[in-house]
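Okay, structure first, notes after.
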Amino acid sequence: MLDNWKGYVEKFNQNDEEIIAQMIPNDQAAEWIRLEAPHFECSDKIMEEAYYFRWWVFRKHIKQTEEGRIITEFLPEVPWAGAYNSINCASGHHLAEARWLKNDRNLAWEYVNFWFRGSGNEYSYSSWIVAAVYELAAVQGDKDLVVEYLDDFVRFYETVEDRQFTEYGLFWSDDDRDAMERSISGKGLRPTLNSYMYANALAVSRISSWAGRSELQKQYQEKADRLKKRILSLLWDRKDQFFKVIPLEEKNVGSASIDFTEIPKEQNVREEIGYIPWGMGILENDCDRAWKYLMDSHYFKTPYGPATAERNHPYFMKPASDHECLWNGPVWPFATTQTLNSMIRLLQNGSSKYVNRADFLELLEAYARSHRRMREDGKMVRWLDENIDPDTGEWLSRKILKGWNWRKEKGGYERGKDYNHSTFCDLIIRGICGVQVAEGDELMIDPLLEDGVWDYFMLEDLPYHGHSITIAYDKNGSRYGKGAGLWIAVDGKRKASTDRLKRLTVKLVKR
């Protein structure tokens, strides 16, 4: 059994200023990681350390409330949060990590219950929460539990429709309510909420099938199909080969120009949100050309991950005197997660002419390296905050907030420390180790790692459909002594192997 996590947790604790402790303080972190985190090792030690650092951060955000446990975004109380300091915009990311806990299956469902039947405000920010809950049920192999929430999901979808659906057949959203304030494109018909609602509609349709409600299944499949067509026909800029925002200041005021050549250049921009449709399941070969910009330093590529807006736009990184959170160029882990999720879907469902597995690894490595900060005493420590200067790697919001002397109305001292607004462990599990979330009784893996790049990796004791899964790769057979190549074990028994990294499928016996 892997025990490499012990040294990491000890180091994280030693270097930490534990400002706020919730359910699981630092002195209980090691035991929690032993019990709950699927253990992982690999020959890239920066990646390995970042993996455990993110589990170490995640457990800080488990919070006991009168309505059960929730997962927080900020540790300090912030004025714009809801009940118990809850914020819904990263709820999909939270569930993506929580679904992999080894023993605590209930945390994720208590959190779901808080948003749909408790005092959580799931309408505060845009979200793909229904799609996230569907995938949670698929990972756990528990259809009955999610079916109980079906009517809640329908109510949620219809409420968002009532509030934000437009005559264009698309949803309108405010960039601030997409959690992407001060973006260059601004308010309008955005790839964000529209892609989220496509995924939510598809999830409602699939859950309706589980519930045996065929009319509801058909209704929401048709909603998803119609929305997808409108996204592809209206939000795809054929000239610039990218999904973009159609600016519209308010939902019911004025009219939007649906011709990108008529949109003023001040708002006509390629932004990282243009990659979100792939992550939400909108996979179109005709749109593949959008990916040629991702690894191009004239557009999105930076040393610390993808910029949130293309570098060559005149408003790229334009400062704002009154706001610390800008989405006009800084690297945001929230968005980096979304882009890497989109790459996982793209590469595991086929191929692209413009990005490949080496590009995925390069971006994930940059993301892993970004988890650091040089302290005032000159010591480099693991760190997670809000957004990053794309050229220097400095945590930008932190720099601004510190310059404002940690103003209370902005969240106070070290507001963004240990910011839980993204995923990392899930990207290792589904990207590097290749686990594909699916409904059926098979485990499919397709590691997005080129053969021979790493000497080894092992993911141990991953819960999936009620089984314990181990996935391991050994370049020459010297690490684990079980031969060279890739292998999968289910409940301790080796079930499949191959001499190189490629797609594998294992039949699972229902428990």
Side-chain angles (χ1 to χ4, degrees), residues 19 57 61 72-82 85-94 121 124-127 173-188 190-193 196 245 247 267 269 271-274 276 300 302 304-311 313 315-339 367 370-371 373 383-423:
I19 302 166
V57 167
H61 288 273
T72 57
E73 179 175 316
F74 291 97
L75 291 174
E77 298 280 338
V78 292
W80 55 92
N85 205 34
S86 63
I87 301 175
N88 79 299
C89 67
S91 57
H93 288 330
H94 295 164
N121 181 4
S124 181
Y125 290 88
S126 305
S127 87
S173 61
D174 184 326
D175 56 329
D176 180 82
R177 292 298 93 188
D178 279 347
M180 298 173 176
E181 53 267 62
R182 305 299 177 92
S183 63
I184 295 172
S185 60
K187 304 171 184 178
R190 297 168 55 82
T192 43
L193 179 60
Y196 301 163
V245 175
Q267 288 182 285
V269 58
E271 295 170 303
E272 192 181 359
I273 58 174
I276 289 176
F300 292 105
T302 86
Y304 298 95
T308 45
E310 59 182 327
R311 279 184 172 276
H313 194 277
Y315 288 173
F316 176 79
M317 293 294 290
K318 183 179 180 180
S321 60
D322 63 337
H323 210 287
E324 70 283 5
C325 291
L326 308 176
W327 286 75
N328 59 5
V331 175
W332 280 83
F334 182 99
T336 298
T337 297
Q338 291 182 318
T339 299
Y367 187 18
S370 74
H371 288 75
R373 180 175 78 83
W383 194 268
L384 179 62
D385 218 294
E386 296 181 60
N387 62 356
I388 304 166
D389 185 298
D391 294 312
T392 69
E394 184 172 15
W395 293 99
L396 192 55
S397 293
R398 183 183 185 276
K399 176 184 178 181
I400 295 169
L401 291 167
K402 185 179 179 183
W404 291 345
N405 199 28
W406 307 112
R407 284 156 48 182
K408 186 175 181 181
E409 71 272 18
K410 291 287 188 177
Y413 177 63
E414 291 288 15
R415 180 190 84 186
K417 181 179 180 294
D418 300 317
Y419 189 43
N420 190 27
H421 193 239
S422 58
T423 75

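Values below: all heavy atoms of this structure, side chains included; hydrogens, waters and symmetry mates excluded. The structure displayed is predicted, hence computed values, not measured ones.
The closest side-chain heavy-atom distance from Asn420 to Thr72 is not below 4.5 Å. Using a 4.5 Å heavy-atom cutoff, the side chains of Phe334 and Trp327 are in contact. With contacts defined as side-chain heavy-atom distances shorter than 4.5 Å, the pair Pro76/Lys417 does not qualify.
Checked against side chain to side chain donor-acceptor pair (under 3.5 Å), Gln338 has the following partners two or more places apart in sequence or in another chain: Tyr196. Legend: residues meeting side chain to side chain donor-acceptor pair (under 3.5 Å) with Tyr367, ordered by chain and number and at least two apart, are Arg54, Thr337, Ser422. Remark: Lys399 engages Glu394 in a side-chain contact (heavy atoms from CB on, under 4.5 Å) (not counting sequence neighbours).
Gly186 and Val245 make their closest contact through O-CG1, 4.1 Å (heavy atoms, listed as atom of the first residue, atom of the second, distance).
Of the possible donor and acceptor atoms, one in the side chain of Glu271 sits under 3.5 Å from a partner among the backbone N and O of Ser185. Panel note: side chain His313, backbone Asn328; no donor-acceptor pair is recorded below 3.5 Å. No donor-acceptor pair under 3.5 Å is formed between the side chain of Asp418 and the backbone N or O of Val57.
In this structure, the ring of Phe74 has its center less than 6.0 angstrom from the ring center of Trp80.
With values rounded to the nearest 0.5 angstrom, Leu401 atom CG is found 4.5 Å from Glu324 atom CD.
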